[in-house]
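A short worksheet on the structure shown next.
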Amino acid sequence: MNFIENLKWRGMLHDMMPGTEEQLNKEMTTAYVGIDPTADSLHIGHLVGVMMLKHLQEAGHRPIVLIGGATGMIGDPSGKSLERNLLDEEAIKHNMACIKKQLEKFLDFDSDAPNAAIMVNNYDWMKDFSFLSFIRDIGKHITVNYMMSKDSVKKRIAGEDREGMSFTEFSYQLVQGTDFLHLYQAYDCKLQMGGSDQWGNITTGSELIKRKLGKEAFALTCPLITKADGGKFGKTESGNVWLDPEKTSPYKFYQFWLNCSDTDAEKYIKIFTLLDPERITDLITQHNEAPHLRLLQKELAKELTIRVHSQEDYDAAVEASTLLFGNSTTDNLKHVPFEMLLSVFEGVPQASVSAEILKQGIGIVDFLSETTGFFPSKGEVRRSLKENAISINKQKVDENYTITSNDVIDDKLILAQKGKKNYYLVLIG
RNA sequence: GGGAAGAUACCAGAGCGGUCAAAUGGGGCAGACUGUAAAUCUGUUGGCUAAGCCUACGGUGGUUCGAAUCCACCUCUUCCCA
């Protein structure tokens with residue numbers, strides 16, 4: 001299966017320019033995907049582009065990751081555009097270094113192979129470009145008519161709301177096109193890939209290369225990733241799902257994939273894992289026979305957690321998940337190492353209570369409201385208790401329960417819980 | 001500029017001067033069921049020292065034994081006509 005067939009099978013091919021497949025079959029081809037360095041970590045939305053590059057490299061071609069140090073300052077009008085913050089050089093360098101580390105888990109940058117991945121920053125060549133030389137060397141080759149015909153532009157000036165767009169945003173496609181031109185000249189890069197919303201910007205690049213150099217350069221896009229329920233992919237209530245374990249703990253990362261709906265999981269496992277088609281087809285069949293086992297989700301979560309984080313992080317996440325969601329008891333809880341509990345419950349509300357108070361014992365209502373501040377009012381605690389929603393160390397309790405030293409696990413903590421998913425951690429100190 | 005209607009809890013939206021912490025729907029939270037899903041059913045959704053009390057129906061005053069409800073003024077919103 002070649003690169004294009006592979007993408008097709010995985011549902012990652014939205015559109016490509018005629019001749020793209022021929023070019024890829026002809027020779028080792030260099031292709032790039034652009035990433036905005038807006039943060040010092042990638043999030044899973046970036047992963048689609050990264051996986052395209054991964055498959056590309058697997059197929060023997062050479063991937064380039066272009067960090068949009070310059071373009072990130074402008075703001076792409078495709079889709080909605082908020083004013084971008086201008087990032088200074090230092091911040092971009094820092095972000096680049098962090099992002100590269102994450103990319104290394106997917107792409108091979110260091111080997112001596114001819115198709116080792118390359119990372120570049122368009123700020124390096126854009127920063128010295130003077131406005132005059134830009135409009136003379138680049139602007140001369142593209143007509144405004146051509147630029148106006150792009151969807152991203154048309155929508156803004158002729159669409160329902162007619163927001164209008166600044167000249168800066170209008171120029172965006174030219175700047176991105178300049179990147180393509182530069183990479184073509186510097187690295188013989190003949191293909192640009194991206195999400196389907198990038199089609200217009202990418203083709204401006206090939207157009208520029210054709211007019212200026214008389215050479216052919218190609219475009220390939222993948223569909224935008226969606227969720228079956230129409231929500232935005234990669235977002236949770238708490239925001240983006242990051243690859244950086246500091247921003248999104250491995251446990252939460254694992255949980256994100258595990259919680260995918262069935263239809264999404266089937267789609268995502270093709271896009272985000274390298275499992276071969278036979279294996280995936282097999283998994284899908286099994287999953288349909290016994291959907292409650294959620295094989296797809298588990299496999300998906302496993303593949304990604306191990307790749308992005310590590311085997312140990314994966315093991316810990318699985319263990320934590322069974323602890324939290326399985327029918328675990330107080331005894332199970334006591335066997336888990338303290339450090340691990342802390343990492344599992346990273347991000348849940350915490351409070352510390354002195355051992356003195358517990359020696360005397362304290363009523364559950366006061367404990368959960370006044371003492372720890374987990375609940376804003378006592379009325380709410382009482383209500384939850386009536387609903388049988390409160391557990392201490394995995395054991396349901398009622399209104400008359402008194403917290404004492406006996407409830408402390410490992411001399412260090414008490415685990416309180418409202419319902420199934422809301423945890424509160426009390427540290428003793 | 002002239003006229004009309006309105007402002008109630010997270011949102012929408014009821015509310016004879018006492019029995020209104022305020023109907024109903026949505027949303028939220030929890031329980032059951034389940035696959036850590038969806039759907040469904042049930043409970044709950046101002047605070048407290050809890051059969052009691054306190055604070056709340058745009059703001060400020062007033063009438064009254066008693067006001068979300070009546071009156072005056074103010075602020076804001078919406079609609080209609082110029």
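All chains are named by letter (A, B, ...) in the order of the sequence lines, taking the proteins before the strands, and each is independently numbered beginning at 1. The basis for the numbers below is simple: all heavy atoms, side chains too, and nothing from hydrogens, waters or symmetry mates.
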With heavy atoms under 4.0 Å as the rule, sort [X] into base, sugar-phosphate or nothing.
X        : result
A:Gln297 : base
A:Asn259 : base
A:Leu258 : base

Suppose we define a pair by two distances each less than 3.5 Å, Watson-Crick or G-U wobble; what does [N] pair with here?
N     : result
B:C16 : none
B:A7  : B:U75
B:A22 : none
B:A56 : none

Under 3.5 Å donor-acceptor pair, A:Lys420 side-chain atoms to B:U34 base atoms: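 Check passes, donor-acceptor contact within cut-off.
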Donor-acceptor pair under 3.5 Å, A:Glu380 side chain vs B:U45 base: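 When only heavy-atom distances are counted, A:Glu380 does not reach the base of B:U45 through any donor-acceptor pair under 3.5 Å.
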When the [atom1] atoms of [N] and [M] are considered, how many whole Å apart are they?
N     : M     : atom1 : answer
B:G46 : B:C70 : C1'   : 27 Å
B:A39 : B:U34 : C1'   : 10 Å
B:A67 : B:A21 : P     : 13 Å
B:G66 : B:C54 : P     : 15 Å

Does [N] have its OP1 or OP2 closer than 4.0 Å to a side-chain nitrogen or oxygen of [X]?
X        : N     : value
A:Ser261 : B:A37 : no
A:Asn422 : B:A30 : yes
A:Arg383 : B:G47 : yes
A:Lys298 : B:G35 : no
A:Lys418 : B:U44 : no

A:Phe180 ring center within less than 6.0 Å of A:Tyr32 ring center: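 Here the rings of A:Phe180 and A:Tyr32 have centres that are less than 6.0 Å from each other.
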Sub-6.0 Å ring centroid separation between A:Tyr424 and A:Phe375: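 Yes, ring centres under 6.0 Å apart.
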Pairwise 5' ranking along RNA chain B for A:Pro291 and A:Pro376, keeping only the more 5' one: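 Looking at RNA chain B, the more 5' nearest nucleotide goes with A:Pro291.
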Short N-O contact, A:Lys359 and A:Glu356, less than 4.0 angstrom: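 So A:Lys359 pairs with A:Glu356 through a salt bridge.
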Nearest-angstrom distance from the residue atom CD of A:Gln417 to P of B:C29: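 Taking atom P of B:C29 as the reference, CD of A:Gln417 is at 16 Å.
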Sub-4.5 Å side-chain heavy-atom contact between A:Phe233 and A:Ile44: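 Yes; the side chains approach each other to less than 4.5 Å.
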